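Everything below concerns the one structure shown next.
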Number of protein chains: 2
Amino acid sequence: MIGEKPLPARRLPRAQRRDQILAAATEAFARSGFAATSLDDIAAEAGITRVILYRHFDSKTDMYQAVLDRMCARLDANVEEPVGGFTDASVDGLLAAAIESPAGFRLLFQHALREPEFKERIEKFRADITAAAYLQIAAVVPDRALARWAAQLAPVVAIEAIIAWLDAGQPDPAKAAARIRQAVMGVIGAAVASDVDCPLPHHARMEGIS
Amino acid sequence: MIGEKPLPARRLPRAQRRDQILAAATEAFARSGFAATSLDDIAAEAGITRVILYRHFDSKTDMYQAVLDRMCARLDANVEEPVGGFTDASVDGLLAAAIESPAGFRLLFQHALREPEFKERIEKFRADITAAAYLQIAAVVPDRALARWAAQLAPVVAIEAIIAWLDAGQPDPAKAAARIRQAVMGVIGAAVASDVDCPLPHHARMEGIS
DNA sequence: CGACTTGTTGACTCCGAAGTGTACTTACCG
DNA sequence: CGGTAAGTACACTTCGGAGTCAACAAGTCG
């Protein structure tokens, strides 16, 4: 299906092979998530046998955790939040991580986040960003329920904007970050605007856009 | 775990039971998707035995399809698109469907959409909305790649806004639709703005929001 | 009442995938 | 050149969940 190697597969030093397996596992898991991905799928993706996997990881779960941790570490490294909140730097960090590993990015936010057994770690990451966003938004949006809603939505929009950008073939990387930031700002702006009971003729704008 | 009934479970006429099973299955599947949900989970959710499921559905796959079709039909009914495009009515329809069945809404857009074997039907639904959105956006955004990106993103933001609203406890239902529409418009506005090379001091706005 | 239908229980088969062991090759490095 | 580590082949065991069957219990309706 992919690029199978009936050949005896080149030899690699242990650490390197482990890394390659993690990369392959990331790709495989990113397609259908944990439950729907077999170790044979991963072995095939890595171009080796299933048995080899067990020389590097204790179990499927262990391996999945390693994949998740690896990607989370990448995120933590890129989007270190000095309590500053959901800043431009946060978007840049997310984007950088997504560019480094698109599959890992998708895996985290499209699959792992919805898998009860694994979502904890990454949910905590997201919660941090959401909390930071809340502080900023709450300062502008008096209605607390609305502020929580916007704070919840802002990071999600950033993530979805990045994924949509990946899907679109990563056009114009130089301006991507700016555009994503604007999309997020657009959402926050919506919360602000609708809080003062729709001062904008949004209906007309939406209908008359064409 | 939930509200188990060790009792012999009340009897229901066939059609009614089938519907109740579909509702239970929707809840169960919405938690972890197709692969990670067992028929026992569903039977427990419905308060009956696994064997009964087979008196209503041929297989697990068959049942899942039924659940998906049911929810898709609900969507089609609510958000009928007279080629008009991604209008206010579309948002209203999506929102109505989400209120009718939050679990179904989540199941479709958080799980089924990422399950290769099943995403086809619902992907088509999403593609229709995306295409409609593209027509509207392309009229305002000259850069075609950017327009495609925004068109891809707009429906996703609408959906995520709805899910975030569900998560927040469905506050202020009367204005929810308007807020979601504004969020979507904010995203589209971002595409428009960034196309003319960032006329807004977005950086300052974002940093200085607090 | 008696038949039918909905339900339960507990057994059973089947299959795919996780996980393990052993014996056999072969590349690489000191 | 020889040993070790990386890799293969294949033959398992184990396990959970899908799918099936038969016997039995109890509401409901003619």
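Predicted, not measured: the structure shown is a model, and the values here were computed from it. In what follows, every chain begins at residue 1, and chains take the letters A, B, ... in the order their sequences are listed.
In this structure, the CZ atom of A/Arg18 is 16 Å from the C1' atom of D/dA6, given to the nearest Å. Going from atom CD1 of A/Ile42 over to atom C1' of C/dA18 covers 12 Å, rounded to whole Å. Per the geometry, CD belonging to A/Gln16 stands 14 Å off C1' belonging to D/dA5, to the nearest Å. The nearest whole Å value for the distance from the CD atom in A/Gln20 to the P atom in D/dG7 is 8 Å. The distance between atom CG of A/Asp40 and atom C1' of D/dA9, rounded to the nearest whole Å, is 14 Å. Rounded to whole Å, atom P of D/dC12 lies 19 Å from atom OH of A/Tyr54. D/dC29 atom C1' lies 16 Å from atom CG of B/Leu12, rounded to whole Å. Between the P atom of D/dA9 and the CD1 atom of A/Ile48 lies a distance of 12 Å, rounded to the nearest Å.
Ring planes of B/Tyr64 and B/Phe34: tilted class, angle from 30 to 60°.
Closest contact between the side chain of B/Val51 and the listed nucleotides C/dT9, D/dG27, D/dG19 involves C/dT9. Closest contact between the side chain of A/Lys60 and the listed nucleotides D/dG7, D/dG19, C/dG19 involves C/dG19. The A/Arg11 side chain lies nearest to D/dG7 when the options are C/dT8, D/dG7, D/dG19. Picking from C/dT20, D/dT8, D/dA18 the nucleotide with the shortest atom distance to the side chain of B/Ser38 gives D/dA18.
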The test is side-chain hydrogen bond (donor to acceptor under 3.5 Å, both in side chains); show your working for A/Gln182 and A/Arg179 and say whether it passes. CA-CA 5 Å; A/Gln182 288 222 323; A/Arg179 284 164 180 168; over 6 Å; no
Before you tell me yes or no, could you show the steps for B/Arg31 and B/Glu45 under salt bridge (charged side-chain N to carboxylate O under 4.0 Å, His left out), namely the whole-Å CA-CA distance, both residues' side-chain angles and the distance that decides it to 0.1 Å? CA-CA 12 Å; B/Arg31 283 197 280 273; B/Glu45 179 78 29; 2.8 Å; yes
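Within the nucleic acid shown, A/Leu39 comes within 4.0 Å of sugar-phosphate atoms alone, with no base atom in reach, counting heavy atoms only.
If B/Thr37 and A/Ile52 are placed on DNA chain D by their nearest nucleotide, the residue sitting closer to the 5' end is A/Ile52. Each of A/Arg55 and A/Thr61 was matched to the nucleotide of DNA chain C holding its nearest heavy atom; the match closer to the 5' end belongs to A/Thr61.
Applying the 4.0 Å criterion to OP1 and OP2 of D/dG7, one finds that A/Arg17 has a side-chain N or O inside that range. Between A/Thr49 and D/dG7 there is no side-chain polar atom (N or O) within less than 4.0 angstrom of OP1 or OP2. Phosphate proximity of D/dG17 to B/Arg50: absent, as no side-chain N or O sits under 4.0 Å from OP1 or OP2.
Of all heavy-atom pairs between A/Asp41 and A/Ala36, the closest is OD2-O, 4.2 Å.
Looking at A/Arg148 and B/Asp167, no side-chain N of the basic residue comes within less than 4.0 Å of a carboxylate O on the acidic one, giving no salt bridge.
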